[in-house]
Every structure is written in C-alpha cells, then in structure tokens.
Amino acid sequence: MKKIAKASLIVLSSFILFGCSNSNKETKDSSTINSTKKVNKKKNKDTSESSSQKKVETTSSEKSVKAQVSETSQEQKQEVSQEKSLQGQLEQEAQDKFWEAKSWGWSDQKASAYADGREYVEEQKNNINSDADAVNLAITTYGDNDGDWVWGSMGEVDGGYFIKAISKKSQETTMTGTAKSLVVHYDGSITEN
C-alpha cells in the first residue's frame with residue numbers, strides 16, 4: 001500500500017513539473033492530474049478491497065479451524081464422559097458381585113476374584129495330597145521330641161488329615177499316650193487340637 005502511494009506521488013510530481021514547463025497545456029495537465037488521481041484512488045480502492053477480502057478469508061478460515069478444534073474437543077469430552085460412565089458401571093457391577101460372594105461366606109480374596117471374573121486359586125504353602133505328606137509336614141514342623149514321639153495319621157477329615165503324635169514314655173503312664181494332635185489341611189496349614 002505504501003509502495004502504491006509513493007508511486008502515485010512520483011507520478012503526480014512528474015506531471016506537475018511537466019505541467020509547469022508547458023504552460024500552454026495547462027488545462028490538459030490539470031485533466032491529466034485529475035485522471036491520475038482517479039487512477040490512483042481506484043488502485044487504492046482495489047488494493048483495500050483485496051486486502052479486506054484476504055482478511056475476510058483469513059477470518060473465515062480461522063473460524064473454521066476454531067470450529068474444528070471445538071468439535072474435536074467436544075468429541076473428546078464425550079468419549080471421556082462415556083468411558084467414565086462405563087468404568088463406573090463396571091465398578092458397580094464388580095462391587096455387587098463382591099458383596100454377593102461375601103454373603104455366601106467367601107473370603108475377601110475369593111470374593112474379589114469372583115467379582116473381577118478371575119479364577120480363585122487358594123495360596124498353597126504345601127500341597128498335601130496324602131497321609132504321608134501330612135505326617136512329614138507335622139514331623140518337620142514339631143519334631144519328634146528327641147525320638148519320643150511317633151507320628152501317625154488317624155485318617156482324612158473335613159479339609160485335611162488328622163495327625164497324632166504318640167509319646168513312647170507317656171504311653172506307659174497314660175491311657176492313649178497322645179502327646180500332640182492336629183489337623184494338617186490340604187493347603188499345608190496346621191490346626192492344633
């Protein structure tokens with residue numbers, strides 16, 4: 001725009017100088033000056049129109065970009081909202097299943113596994129599969145009292161094996177000679193009687 005203004009001034013000043021040297025063409029020069037001014041005004045008008053068109057185009061493209069960003073932002077917000085809603089529903093269902101399992105008398109670990117849809121596998125310290133396994137575990141846990149106790153299985157009971165230690169010394173003084181009795185559970189835990 002500045003370039004056009006400078007060019008107009010140069011053209012205008014040259015016409016004025018030219019007009020001063022040719023006094024007989026004064027009327028012609030003034031009409032030329034007027035036409036030059038009109039041309040310059042038209043150029044300025046065309047330039048400002050194209051500049052305003054560019055501004056309108058830029059503004060509309062900025063609005064378009066902002067609208068796209070806004071739409072994307074709204075879509076993302078909807079997706080996050082839906083995910084949170086679904087997560088909340090799943091958590092509520094899991095909690096309902098947990099309390100249902102607890103009402104059956106299940107342990108927290110077993111109920112939690114049921115609620116999460118996992119298979120519950122009880123932690124096994126030792127896998128007790130037979131009378132011999134149960135007796136060996138009792139011996140390693142309690143010993144044999146310097147060779148006085150003789151360990152034996154009395155059979156399978158609910159959840160494990162009933163194991164007794166008979167004392168050789170107390171057998172002479174007591175009727176049964178039982179030094180220790182306990183239940184060795186399948187998971188390797190021991191309950192003393």
(message) A quick test of your reading: do over 12 heavy atoms of other residues, nucleotides or ligands sit less than 6.0 Å from CG of Asn193?
(response) yes
Any chain of hydrophobic side-chain contacts (each under 4.5 Å) joining [X] to [Y]?
X	Y	result
Phe162	Val184	no
Ile139	Ile128	yes
Tyr186	Trp151	yes

(message) Could you check whether any side-chain heavy atom of Trp149 comes within less than 4.5 Å of a side-chain heavy atom of Lys164, counting everything from C-beta outward?
(response) no
(message) Just so I know, are the side chains of Lys77 and Ser73 near enough to count as touching, which here means a heavy-atom distance under 4.5 Å?
(response) yes
[atom2] on [Y] to [atom1] on [X], rounded to 0.5 Å:
X	Y	atom1	atom2	answer
Glu93	Gln95	CD	CD	11.5 Å
Thr191	Ile163	OG1	CD1	12.0 Å
Glu83	Leu90	CD	CG	11.5 Å
Ile166	Thr176	CD1	OG1	6.0 Å

Nearest non-hydrogen partners of [X] and [Y], listed with the distance:
X	Y	value
Ser153	Val135	N-CG2, 4.0 Å
Ser170	Ser167	OG-CB, 2.8 Å
Ser130	Tyr161	CA-OH, 3.4 Å
Tyr142	Leu182	CE1-CD2, 3.5 Å

(message) Donor-acceptor pair, distance only, cut-off 3.5 Å: does the side chain of Asp148 make one with the backbone of Lys169?
(response) yes
(request) Report yes or no: does Thr140 contribute a side-chain atom to a donor-acceptor pair with the main-chain N or O of Asn136 at less than 3.5 Å? (result) yes
(request) Would you check, one step at a time, whether the test side-chain contact (heavy atoms from CB on, under 4.5 Å) holds for Val150 with Lys168? (result) CA-CA 8 Å; Val150 177; Lys168 296 176 190 172; 3.6 Å; yes
(request) Please lay out, stage by stage, how Ile190 and Leu137 fare under the test side-chain contact (heavy atoms from CB on, under 4.5 Å). (result) CA-CA 9 Å; Ile190 299 174; Leu137 183 60; 4.2 Å; yes
